[in-house]
There are 2 protein chains.
Amino acid sequence: MDVRTVCLGILTIGEATGYEIKKMIEEGAFNLCVEASFGSIYPALSKLTDEGFVACRQETQDGRPDRKVYSLTDEGRDLFKELLVQPPGEDKHKSDFMFVSLFSALLPPGHMADLIDQRIDWLKREKEMINDVIEETDQKGAQFVQGYSQALFETAIRYLEDNRKLFEAGSEPAARNGVSREHGMAAS
Amino acid sequence: MDVRTVCLGILTIGEATGYEIKKMIEEGAFNLCVEASFGSIYPALSKLTDEGFVACRQETQDGRPDRKVYSLTDEGRDLFKELLVQPPGEDKHKSDFMFVSLFSALLPPGHMADLIDQRIDWLKREKEMINDVIEETDQKGAQFVQGYSQALFETAIRYLEDNRKLFEAGSEPAARNGVSREHGMAAS
DNA sequence: CCCAACATGTAAACGGTTACATGATTAC
DNA sequence: GTAATCATGTAACCGTTTACATGTTGGG
């Protein structure tokens, strides 16, 4: 999902500045779908303004920098509805953790258990964050997404907690008999 | 996880051609961690060869195009081990489906239920694919990843099957008289 | 005193995809 | 006959990140 579409989507909820949109993406429900930095958000908003899909109102604040408050135009709303019904792309789950796990045999003893611990902590934090952000909404879609993500986080946390022991120091292979464990890799 | 590292990782399992690496990424367990196309795999392998981290043996076949079989050098194995213990990046879950779901209120009636059906089918296919690919391994890491992904797929499928009804034609707003319909989705 | 939060913006660099070029073989 | 599989490679393009530039206010 490109930054352009995400900006339109966020603006259907209400007007916002580029800065606020960034926060919503990195701390909010949108965190589950996309990521974006200022370097992509600001140009996207400028372009959408040029094209007439969003309107921009400049606000002068004292003590604070000026802000540009963007809002959706009718054309923008129409465009977003069109984009929404396009067949969505496949989910892309990119997990360094999973990749490293596949090669746990090459890691120093205890490393994998540490990684799992860190991951459990991260998952718990992330789960709470999503929960907090969405709880105040009463929209069906948001409720659905929240339930979905909470279910997945719970499963992930439970699985890691249950299987951590596989990688604890005690259960390490212990290739005691002179066989060079460098070779033992032989898949299958 | 960059293509470079993924290539090194795959080559720790055994030698392979660029073509085979591509297949492993899109049909195998690596599908859960990364994606990559020829346009990134071939240059990565060339560069790794130049740098001495992989070796390349050219094989002439008759009837078939020549193939370049890559294998890991000692330096390559060392490099990979170093890369593996670097702190892994955060998981990135990019889901167009989730994004669209957040805006289900803007979709035509029935569209959301269709999307969910398609998604359930996709999840089931994907789950089976991962299951088939990894089942023949006896490596701890692969087993762990397989169990993890199977648990997540099951949870996702169950959630979607259980909550599909929220978006069925019958439960569509039908906001004839401005009455709000706030029945409890309560994902508690 | 410095850092975080607020606020916008640009240019260069990067990693990757898409499309193209080439070409034999096998299966439908 | 035509599509898929095998097999490699390059160049153009694209979206995004990173780093930089600028400036104020408030809290630790």
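The analysis underlying the following values was restricted to heavy atoms, covering all of them including side chains, and did not include hydrogens, waters or symmetry mates. Order of the sequence lines sets the chain letters (A, B, ...), proteins ahead of strands, with each chain counted from 1. Note that the structure is predicted; figures quoted are calculated from it, not measured.
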Ignoring backbone atoms, test whether [X] places a side-chain nitrogen or oxygen under 4.0 Å from the OP1 or OP2 oxygen of [N].
X: B/Ser40; N: C/dG15; answer: no
X: B/Ser37; N: C/dT17; answer: yes
X: B/Gln61; N: D/dC6; answer: no
X: A/Lys22; N: C/dC6; answer: no

Gap between atoms [atom1] and [atom2], on [X] and [N] respectively (whole Å):
X: B/Asp2; N: D/dT16; atom1: CG; atom2: C1'; answer: 16 Å
X: B/Glu26; N: C/dG16; atom1: CD; atom2: C1'; answer: 15 Å
X: B/Glu20; N: D/dT5; atom1: CD; atom2: C1'; answer: 13 Å
X: B/Leu48; N: C/dG15; atom1: CG; atom2: C1'; answer: 15 Å
X: B/Leu45; N: D/dA7; atom1: CG; atom2: P; answer: 14 Å
X: B/Arg4; N: C/dG16; atom1: CZ; atom2: P; answer: 11 Å
X: A/Tyr70; N: C/dA7; atom1: OH; atom2: P; answer: 13 Å
X: A/Ile21; N: C/dC6; atom1: CD1; atom2: P; answer: 15 Å

Checklist entry - Is the shortest side-chain N to carboxylate O distance from B/Glu20 to B/Lys22 below 4.0 Å? => result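 No salt bridge links B/Glu20 with B/Lys22.
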
Checklist entry - Any chain of hydrophobic side-chain contacts (each under 4.5 Å) joining A/Val69 to A/Met24? => result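 Different clusters: A/Val69 never reaches A/Met24 through Ile, Leu, Val, Met, Phe, Trp or Tyr contacts under 4.5 Å.
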
Nearest to the side chain of [X], which nucleotide is it out of [options]?
X: A/Glu35; options: C/dT17, D/dT17, D/dT16; answer: D/dT17
X: B/Ala36; options: D/dT8, C/dT17, C/dT8; answer: C/dT17
X: B/Tyr19; options: D/dT10, D/dT8, D/dT17; answer: D/dT8
X: A/Tyr42; options: C/dT8, C/dG23, C/dC6; answer: C/dT8
X: A/Lys23; options: C/dA7, D/dT8, C/dC6; answer: C/dC6
X: A/Pro43; options: D/dG23, C/dT10, C/dT17; answer: C/dT10

Next on the checklist: Heavy-atom nearest nucleotide on DNA chain C for B/Ile41 versus A/Val69: which residue maps closer to 5'?
Outcome noted: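 In this pair, the answer is A/Val69.
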
Checklist entry - A/Asp66 or A/Gly39: which one's nearest nucleotide on DNA chain C is closer to the 5' end? => result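 Nearest nucleotide further toward 5': that of A/Asp66.
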
Next on the checklist: Minimum heavy-atom separation for A/Ala105 and B/Gln139, please, with both atom names.
Outcome noted: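 Taking A/Ala105 first and B/Gln139 second, the nearest heavy atoms are CB-NE2, 4.2 Å.
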
Item to check | Among A/Glu126, A/Lys124, A/Arg119, the one residue meeting side chain to side chain contact (heavy atoms under 4.5 Å, CB included) with A/Ile157 | outcome: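 So the option named by the test is A/Lys124.
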
Checklist entry - If each of B/Arg64 and B/Lys94 is mapped to the nucleotide of DNA chain D with the nearest heavy atom, which maps nearer the 5' terminus, i.e. the 5' end? => result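 On the 5' side of the pair lies B/Arg64.
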
Checklist entry - Without hydrogens or angle criteria, can the side chains of A/Asp91 and B/Ser95 be said to hold a donor-acceptor pair below 3.5 Å? => result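 A donor-acceptor contact under 3.5 Å links the two side chains.
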
Checklist entry - What is the ring orientation for B/Phe30 with A/Phe99, classed by angle as parallel under 30°, tilted 30 to 60°, or perpendicular over 60°? => result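 Tilted.
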
Checklist entry - What is the nucleic acid contact for A/Thr17, judged by heavy atoms within less than 4.0 Å: base, sugar-phosphate only, or nothing? => result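 If one applies the 4.0 Å heavy-atom cut-off, A/Thr17 turns out to touch the sugar-phosphate alone, with no base involved.
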
